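What you see is a predicted model, and the numbers here were worked out from it, not measured in a lab. Side chains are part of it too, since the values below use all heavy atoms of this structure and drop only hydrogens, waters and symmetry mates.
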Amino acid sequence: MAGLAVALALAGCGGSGGGESAPVAPVEAFAAGGPPPLIPQPMRVDPAQGRFVLTADTRVVAAPGDAAAREAAARFVELVRESTGATLVLGAAAGAGAIVFATDPQAGNAEGYALEVGDAGVRVSAGDAAGLFYGGVSLWQLLGAADALPVAVPGLRIADAPRFRWRGFMLDSARHFQSVEEIKRLLDQMARHKLNTFHWHLTDDQGWRLEIKQYPKLTEVGAWRVPAGKAGVGAGGQPVRYGGFYTQAQAREVVEYARRLHITVVPEIEMPGHAQAAIAAYPEFGASGKAPPVSPDWGVHTWLYGVDDPTFNFLENVLTEVMDIFPGTFIHIGGDEADKYQWRNSPQVQAKREALGLKDDMALQSWFVKRIETFLVAHDRRLIGWDEILEGGLPPEATVMSWRGMKGAVEAAREGHDVVLSPSDITYINRMQSEEADEPPGHDSPISLEKIYAFEPVPPELDAGQARHVLGTQANLWTEHVRTEPRVEHLAFPRLSALAEVAWSPKDARDWQGFLHRLAPQMRRFAHAGIGAADSVFAARIHAEPQGEGATVALANQSGFGELRYTTDGSEPSAQSPLYAQPLQVALPTTVTANAFLDGQPLARPRSLRIDALALRTRQAEQLAPCGKSTFVLRLEDDEPLDGERAVVPVNIGTPCWKWPAAMLDGIAVLRVQALDLPYNFQFGGDSMDKPVPPAAVGELEVRLDGCDGPLLAKAQVQPQTSAVKQLDVALPPTRGSHDLCLTFAGSPSPVLWAIDSAQLLTAEEAR
């Protein structure tokens, strides 16, 4: 990695401005004998004699008639142009000093490749087109973070092949819609990580995203919803429609683009649940026969397809068009979270169940899935579904995608079924990467980069024969709270880098510290490609506590990786700034700015904290602990303004309750709270169907002393206003000493969920 610093400094190097340019010394991509900057880690790397210097004059060669080699070579040329600006010459004449791509009919492993680097040149060989492509990607990565040529690569030999066949990424385009251009950008990054399966979630309660020509209302009606809260109301009070869909031509374009990157697209058409958008378009195919709106809510809905022949005709017609667009083997049918409320309360559905001799609605769902599987098998396709399809009995050829932990995969593999591991507590990258205030909206329970990297997809309960049913693993990005494309990229990267190494590399080759070293140039590659990858794993975090007349400041980062350096004069830290070794004692006011460095180069963008007397008595929502009997914390975005940035806060949707530990109340007269009124747009299945909804949206903030069961210190009302953030001043009686404060918005959170953005303890003078 010593070459990283040089590479970053090389941009703009060249001649002296007059006459012939002086030769530019090549950047050393990485130290000879050191770990190559490759993600995922190859199966085997051996050092070799010599080194190869890649210059703008280097020829890239593929033999005449070797179409796969020429395609891989052309992709390599594109990658080099992206990262360095140099356009290498692609030709067919071999010779010394060239990079040669060649198909090797004797190569054994599918998707595997061999890569040899030495004084005489470079050779990339493989038995198939995917292997050649992956070899080219690895060669490009060997350039490290260089953004100009020439670059010297130490001699080495790589023998590489994937551990798992299924190396996937799932994107939810149903809750929030992404452009075709963004899908292609994500596919590009998948391919560069040797991921080969794009699971595309195209239908759900909140939107139907794929054009079906036989049923045009699926997109005319089902592709559009009115968002909850103020986001669904235009300037004149009219409803605002939100959504979009992919035409069949666009979907085919995505499939072809993916194919050229050696990625198979697996479409997901949800059934029998998560079907509200489809039923909104065609209510006659729903279990109740009623027409709901396309849902603006998140959670578990109760709208299920019916179980009569017309409904199956509809589903089979839809799947026929889907199969015509997506030529891959697998069709994902969902099968998860099918709340049986409507089936249970439908005389027609229950009569059908009894006529079939099925004991309960779980068995009815199994019958439903088996009927769909029979149809898919007849068309030479394989059904895959979430692990709920195990309930009531699994169809004979079905593949299980286990998301509720590992249990479903173990059960299915023991029954002889193929499985894909995607446990929600590890691989659901819609969850935040940290609990810091600069994270975008996301689901509960942060999942760090390290947690994904440590994941082992083969459950230890399986024996060797059963383990062969593990096809692989994938990361899932659900988008309920991911409204924009930059947020998709922030949540996906670099966690997909970690998942890629889990899916490709040998288990015993994984090394967390080595991965972090290799991630440094990978982050630079993201920047070259315009990908907004999160730097959460490296970002400096600054924590200040009052200490006498000043403050004690502690610095840390999530991974403990790199050198933390800081300034206290408002300037941006550099590699020459003071090295953090222990907590700092600072006078007030002070601005502390910090960053992590490796080999003299920053690993993240700098973070700053202004520290003064009032800041020490201020807590952002992220600094307050959730509390209450029911704890389900989501990081939510405000529903206003319609355009532009919106506030983002963590809130316990079960009990809107926050704890401020050890608050110093001497001399404090007012608690000032910045509050948001969010829509309470959550459904929890049939159990919540009959719960009353309070008619008012007035919030009452209660402040209790020494715990949420302690005495009531003060309270105040807050009502929705035109501004996005509402200021609420709560007068506090004189109180001495340090106390835990419990801040709670009393009553049901529905229909308005009040949330705290920040809280301050003020003296009477500060409050005026």
Side-chain angles (χ1 to χ4, degrees), residues 433-439 446 448 535-597 602-627 650 658-674 705-707 732 735-743 756-763 765-767:
Q433 302 188 65
S434 76
E435 293 181 323
E436 299 294 333
D438 54 6
E439 292 288 345
S448 68
D535 62 1
S536 309
V537 70
F538 298 132
R541 303 306 184 183
I542 308 168
H543 180 72
E545 290 288 346
Q547 181 67 46
E549 297 298 316
T552 298
V553 180
L555 305 181
N557 69 1
Q558 188 183 78
S559 59
F561 185 80
E563 297 177 343
L564 286 174
R565 296 185 178 273
Y566 66 93
T567 62
T568 57
D569 60 2
S571 64
E572 184 171 315
S574 71
Q576 287 71 49
S577 297
L579 176 67
Y580 177 78
Q582 61 186 13
L584 314 174
Q585 303 298 318
V586 300
L588 303 183
T590 297
T591 297
V592 176
T593 307
N595 205 350
F597 291 81
L603 291 170
R605 60 180 177 83
R607 270 39 174 206
S608 292
L609 181 66
R610 165 78 175 179
I611 307 168
D612 57 28
L614 183 56
L616 293 171
R617 286 185 273 114
T618 300
R619 296 292 183 271
Q620 302 302 315
E622 293 80 7
Q623 297 171 291
L624 301 173
C627 49
W658 298 258
K659 182 180 179 181
W660 185 333
M664 292 297 300
L665 299 180
D666 293 284
I668 298 301
V670 171
L671 171 69
R672 175 167 290 168
V673 170
Q674 305 294 331
L705 202 64
D706 298 323
L732 301 179
T735 307
R736 296 189 60 80
S738 171
H739 298 268
D740 291 348
L741 295 181
C742 178
L743 315 178
I756 291 177
D757 186 29
S758 65
Q760 290 181 311
L761 293 170
L762 307 177
T763 65
E765 182 178 351
E766 289 169 334

Do you know the tightest heavy-atom contact between Leu614 and Leu761? CD1-O, 4.3 Å
Hey, can you tell me if Phe561 and Phe538 have their rings parallel, tilted or perpendicular (30° and 60° cut-offs)? tilted
Check: Ile611 and Leu616 side chains under 4.5 Å, non-hydrogen atoms: yes
Is the backbone N or O of Gly570 less than 3.5 Å from a side-chain atom of Thr591, with the two atoms forming a donor-acceptor pair by type? no
Using every non-hydrogen atom in the two residues, find where Pro650 and Trp658 come nearest and quote the distance to one decimal. O-NE1, 3.8 Å
Does Asp438 reach the side chain of Arg605, with side-chain heavy atoms less than 4.5 Å apart? yes
Smallest heavy-atom separation, Thr618 atom then Gln623 atom, equals O-OE1, 3.9 Å
How many angstroms lie between CD1 in Ile756 and CG in Leu743, if you round to the nearest 0.5 Å? 4.5 Å
Look only at the side chain of Asp740 and the backbone of Gly707, and say whether a donor-acceptor pair between them is shorter than 3.5 Å. no
Any side-chain heavy atom of Leu609 within less than 4.5 Å of one from Arg541? no
Decide yes or no on side-chain contact (heavy atoms from CB on, under 4.5 Å) for Leu671 and Trp660, but give the supporting numbers first. CA-CA 12 Å; Leu671 171 69; Trp660 185 333; 4.3 Å; yes
For the side chain of Asp666 and the backbone of Gly737, is there at least one donor-acceptor N/O pair under 3.5 Å apart? yes
Side chains of Arg565 and Ser574: does their closest heavy-atom pair fall under 4.5 Å? no
When rounded to the nearest 0.5 angstrom, what distance separates CG in Asp706 from CG in Leu741? 8.5 Å
Contact between Val553 and Thr590 at the side-chain level, heavy atoms closer than 4.5 Å - yes or no? no
Can you give me the closest heavy-atom contact between Ser738 and Ala662, atom names plus distance? OG-CA, 3.3 Å
Do Ile542 and Thr593 have side-chain heavy atoms sitting under 4.5 Å apart? no
If the test is side chain to side chain donor-acceptor pair (under 3.5 Å), which one of Asp535, Asn557, Asn595 qualifies with Arg607? Asp535
Under 4.5 Å between any side-chain heavy atoms of Thr552 and Gln585, yes or no? yes
For the atom pair OG (Ser758) and CG (Leu624), what is the distance rounded to the nearest 0.5 Å? 9.0 Å
Could you check whether any side-chain N or O of Arg672 sits under 3.5 Å from a backbone N or O of Ala767, counting only pairs where one atom can act as donor and the other as acceptor? yes
Which heavy atom of Leu555 sits nearest a heavy atom of Ala594, and at what distance? CD1-CB, 4.0 Å
Expected output: side-chain Arg617 to main-chain Ala615 donor-acceptor under 3.5 Å: no
Side chains of Ser536 and Glu439, donor plus acceptor under 3.5 Å: yes
Can you tell if the side chain of Lys659 reaches within under 4.5 Å of the side chain of Cys742, non-hydrogen atoms only? no
Is the backbone of Gln433 close enough, under 3.5 Å, to the side chain of Gln558 for a donor and an acceptor to pair up by distance? yes
Minimal non-hydrogen separation, Gln620 against Asp757, with atom names: OE1-O, 3.7 Å
